[in-house]
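Computed from a predicted structure; not experimentally measured. All chains are named by letter (A, B, ...) in the order of the sequence lines, taking the proteins before the strands, and each is independently numbered beginning at 1.
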Amino acid sequence: MRVATWNINSLKARLERVLAWLASAEPDVVCLQELKCATADVPADAFERAGYEVAAWGTGRWNGVAILSRVGIADVRQGIAAQPAFAGETEPRALTATCGPVRVQTLYIPNGRDTADPHFPYKLAFLQALAADAAADAAGALPFAAMGDYNICPTDDDVWDVEEWTGTTHVTTDERDALTAVKAAGLADVFPRALKHDRPFTFWDYRNLDFPKNRGLRIDLALANPAFASAVTDAYVDRNERKGKGASDHAPLVIDLDL
DNA sequence: ATGACGAATAAAATTCGA
């Protein structure tokens with residue numbers, strides 16, 4: 001089966017591209033992030049016509065996550081245990097569901113904004129809660145992967161130019177340590193292959209010709225438990241989806257499984 | 001082909017993203 005994760009940067013703006021990609025890539029399960037719409041505004045009928053059931057959680061103009069599946073959706077869980085709030089709100093950043101033979105979690109980890117911004121400790125607290133939340137599924141018998149936009153470059157190789165990113169979020173030791181703690185729950189980074197160039201970046205800023213110049217980051221990750229990781233037959237970043245008018249600034253991470 | 005940012009909200013300018 002084929003599983004994918006993709007930060008689409010607005011479902012409303014991306015719907016036609018997402019539907020076209022579903023038809024061409026034929027994934028069985030897709031974890032989406034940054035819907036930027038409320039749950040009630042998710043066009044479930046359009047996905048159903050394409051053969052997918054939908055579990056979604058959105059509150060409005062920011063954040064929002066969903067899981068699409070053509071192999072069933074069961075045991076849906078909204079948010080993570082002890083999820084920290086920001087500005088008094090529990091934001092729509094996580095959904096977990098069982099889809100056929102796998103259990104998946106779609107994640108939109110807080111950006112952090114700036115190391116001096118309150119959003120930064122919020123990001124670290126979210127990751128700390130995630131490490132505890134993931135432990136049970138990680139140790140479970142079902143193949144499980146916590147995938148999505150982690151907003152962290154795990155290593156310097158995951159940044160197009162480390163010098164340019166010195167002192168910014170996404171590359172700090174605090175964030176990388178927090179990510180390591182999530183992995184310590186029993187999850188491994190499913191490292192994808194790049195379709196072009198040497199490194200499998202998943203995000204390129206809209207500005208400054210970053211995509212044509214391959215100034216990218218690898219921040220969209222799939223952290224898998226042993227049962228999931230051992231079933232992986234291929235993983236790649238579909239950078240073709242970053243091309244053209246109306247593209248998201250993220251490309252899908254696609255994982256094929258012998259399941 | 002991949003081209004100097006894009007989306008939501010709201011109605012011009014601001015916020016957010018990474």
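For A/Phe211, whose side chain is taken as the heavy atoms from C-beta onward, the closest listed nucleotide among B/dT2, B/dA18, B/dA8 is B/dT2. Of the candidates B/dC5, B/dT15, B/dA18, the closest approach to any side-chain atom of A/Tyr206 belongs to B/dC5. The side chain of A/Lys12 sits closest to B/dA8 out of B/dA8, B/dA1, B/dG17. The side chain of A/His250 has B/dA18 as its nearest neighbour among B/dA7, B/dA18, B/dG3. With B/dG3, B/dG17, B/dT15 as the choices, the nucleotide that has an atom nearest any side-chain atom of A/Trp62 turns out to be B/dT15. The listed nucleotides are B/dT2, B/dG17, B/dA8; the one nearest the side chain of A/Lys196 is B/dT2. For A/Ala13, whose side chain is taken as the heavy atoms from C-beta onward, the closest listed nucleotide among B/dA4, B/dA18, B/dA8 is B/dA8.
To the nearest whole angstrom, the two P atoms, one in B/dC5 and one in B/dA1, are 23 Å apart. Comparing the C1' positions of B/dA11 and B/dA7 gives an interatomic distance of 16 Å, to the nearest angstrom. One P atom belongs to B/dT15, the other to B/dA10, and the distance between them is 14 Å to the nearest Å. Nucleotides B/dT14 and B/dT2 place their P atoms 35 Å apart, quoted to the nearest Å. The P atoms of B/dG6 and B/dA18 are separated by 16 Å, rounded to the nearest whole Å.
A side-chain donor-acceptor contact under 3.5 Å links A/Thr39 to the backbone of A/Gly58. No donor-acceptor distance shorter than 3.5 angstrom exists from the side chain of A/Asn7 to the backbone of A/Glu34, with no hydrogens or angles considered. At least one donor-acceptor pair under 3.5 Å links the side chain of A/Asn225 to the backbone N or O of A/Phe228.
Using cut-offs of 30° and 60° on the angle between ring planes, the pair A/Phe86 and A/His119 is perpendicular.
Taking the centre of each ring, A/Trp6 and A/Trp21 come in below the 6.0 Å mark.
Taking only distance into account, the side chain of A/Asn151 never meets the base of B/dA18 through a donor-acceptor pair shorter than 3.5 Å. A donor-acceptor contact under 3.5 Å is not formed by the side chain of A/Lys36 with the base of B/dT9.
For A/Asp177, the salt bridge (Lys or Arg N to Asp or Glu O under 4.0 Å) test picks out no residue, with sequence neighbours left out.
Atom CZ of A/Arg113 and atom C1' of B/dA18 are 12 Å apart (whole Å). A/Arg215 places its CZ atom 19 Å from the P atom of B/dT2, with the value rounded to the nearest Å. B/dT2 atom P lies 12 Å from atom NE2 of A/His197, rounded to whole Å. Across the protein-nucleic acid pair, A/Glu34 atom CD and B/dC16 atom P stand 13 Å apart, rounded to whole Å. One interatomic measurement links the two molecules: NZ of A/Lys245 to C1' of B/dT2, which rounds to 12 Å at whole-angstrom precision. When rounded to the nearest whole Å, the span between CG of A/Asn63 and P of B/dA8 equals 14 Å. In this structure, A/Phe203 atom CZ and B/dG6 atom C1' are separated by 11 Å, rounded to whole Å. Between the C1' atom of B/dT2 and the CG atom of A/Asp238 lies a distance of 14 Å, rounded to the nearest Å.
Counting non-hydrogen atoms under 4.0 angstrom, A/Asn214 reaches nothing in the nucleic acid. Within the nucleic acid shown, A/Asp114 has no heavy atom closer than 4.0 Å to any nucleic acid atom. Among the atoms of the strands shown, only primed sugar atoms or phosphate atoms (P, OP1, OP2) are found under 4.0 Å from some heavy atom of A/Tyr108. Residue A/Gly60 is classed as having no contact, given no heavy-atom separation below 4.0 Å to the nucleic acid. Among the protein residues, A/Ser10 comes within range of the sugar-phosphate backbone only, with heavy atoms under 4.0 Å from sugar or phosphate atoms but none that close to a base.
Contacts of residues 14-22 of chain A with DNA chain B (heavy atom under 4.0 Å): A/Arg14.
Stacking of A/Arg218 on the aromatic ring of A/Phe201 is not recorded, the 6.0 Å distance cut-off and the 45° axial limit not both being met.
Contact annotation: A/Asn111 reaches the phosphate of B/dA18 (side-chain N/O to OP1 or OP2, under 4.0 Å). Under 4.0 angstrom from either OP1 or OP2 of B/dA18 there lies at least one side-chain N or O belonging to A/Asn7.
A/Tyr236 and A/Val232 end up in different hydrophobic clusters when Ile, Leu, Val, Met, Phe, Trp and Tyr side chains are linked at under 4.5 Å.
Sequence order on DNA chain B of the closest nucleotides to A/Arg207 and A/Leu217 puts A/Arg207 first from the 5' end. Nucleotides of DNA chain B nearest to A/Asp249 and A/Arg239 differ in position, and the one nearer the 5' end is that of A/Arg239.
Between A/Glu53 and A/Arg70 there is no salt bridge, since none of the side-chain N atoms of the basic residue sits less than 4.0 Å from a carboxylate O of the acidic one.
Between A/Trp204 and the options A/Asn214, A/Asp249, A/Asp210, a side chain to side chain donor-acceptor pair (under 3.5 Å) holds for only A/Asn214.
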